[in-house]
Amino acid sequence: MLKKGDLLTASVDFDNALFFAVALEVWHAGKYVNFGGCITKHTEEAVYFDYDDEHYSKQYYQFVVK
């Protein structure tokens, strides 16, 4: 189970965050970018959030459990 502060790296981490509606933060280069909220979907390349279909690249951003 995901807990506060966990960094999502594997596809199964994102699957679990989606299934359990876990709120995530978005980070880039060690700096806080956005309170992403709950994800609506993810692909191999990106993570999509529940507002305005906002998405961030998995290659350039880090996703941390809020």
Side-chain angles (χ1 to χ4, degrees):
M1 185 66 175
L2 297 169
K3 61 185 181 305
K4 184 176 180 169
D6 282 351
L7 177 66
L8 279 64
T9 55
S11 184
V12 69
D13 295 336
F14 291 98
D15 290 341
N16 285 334
L18 177 60
F19 183 78
F20 293 109
V22 174
L24 303 177
E25 296 176 339
V26 182
W27 291 74
H28 178 51
K31 296 185 185 210
Y32 178 80
V33 174
N34 193 348
F35 175 75
C38 295
I39 63 176
T40 56
K41 68 178 180 177
H42 73 96
T43 64
E44 194 171 308
E45 296 83 24
V47 177
Y48 294 78
F49 289 91
D50 56 0
Y51 52 90
D52 298 331
D53 205 32
E54 184 76 28
H55 64 280
Y56 294 90
S57 168
K58 288 181 179 179
Q59 181 177 358
Y60 299 110
Y61 294 90
Q62 296 77 47
F63 304 91
V64 177
V65 175
K66 174 79 175 152

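Computed from a prediction, not measured in an experiment: that's the story for all the values here.
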To the closest 0.5 Å, what do you measure between [atom1] ([X]) and [atom2] ([Y])?
X     : Y     : atom1 : atom2 : value
Leu24 : Phe35 : CG    : CZ    : 8.5 Å
Ile39 : Tyr48 : CD1   : OH    : 11.5 Å
His28 : Asn34 : NE2   : CG    : 13.5 Å
His55 : Thr43 : NE2   : OG1   : 8.5 Å

Do you know the tightest heavy-atom contact between [X] and [Y]?
X     : Y     : result
Ala17 : Leu8  : CB-CD2, 3.8 Å
Asp15 : His42 : OD1-NE2, 2.7 Å
Gly30 : Gln62 : N-OE1, 4.3 Å

Sidechain-backbone polar pair: Lys66 side chain, Cys38 backbone, donor-acceptor under 3.5 Å: no
Between Asn16 (side chain) and Asp13 (backbone), is there a donor-acceptor pair under 3.5 Å? no
Using the rule that Ile, Leu, Val, Met, Phe, Trp and Tyr join whenever any side-chain heavy atoms are under 4.5 Å apart, tell me whether [X] and [Y] fall into a single cluster.
X     : Y     : result
Val12 : Met1  : no
Val64 : Val47 : no
Val26 : Tyr60 : yes

Measure the shortest side-chain to side-chain distance between Lys3 and Val65 over non-hydrogen atoms and say whether it is less than 4.5 angstrom. no
Can you name the one residue among Trp27, Tyr56, Tyr32, Phe49 that meets ring pair (Phe, Tyr, Trp, His ring centres under 6.0 Å) with Tyr61? Tyr56
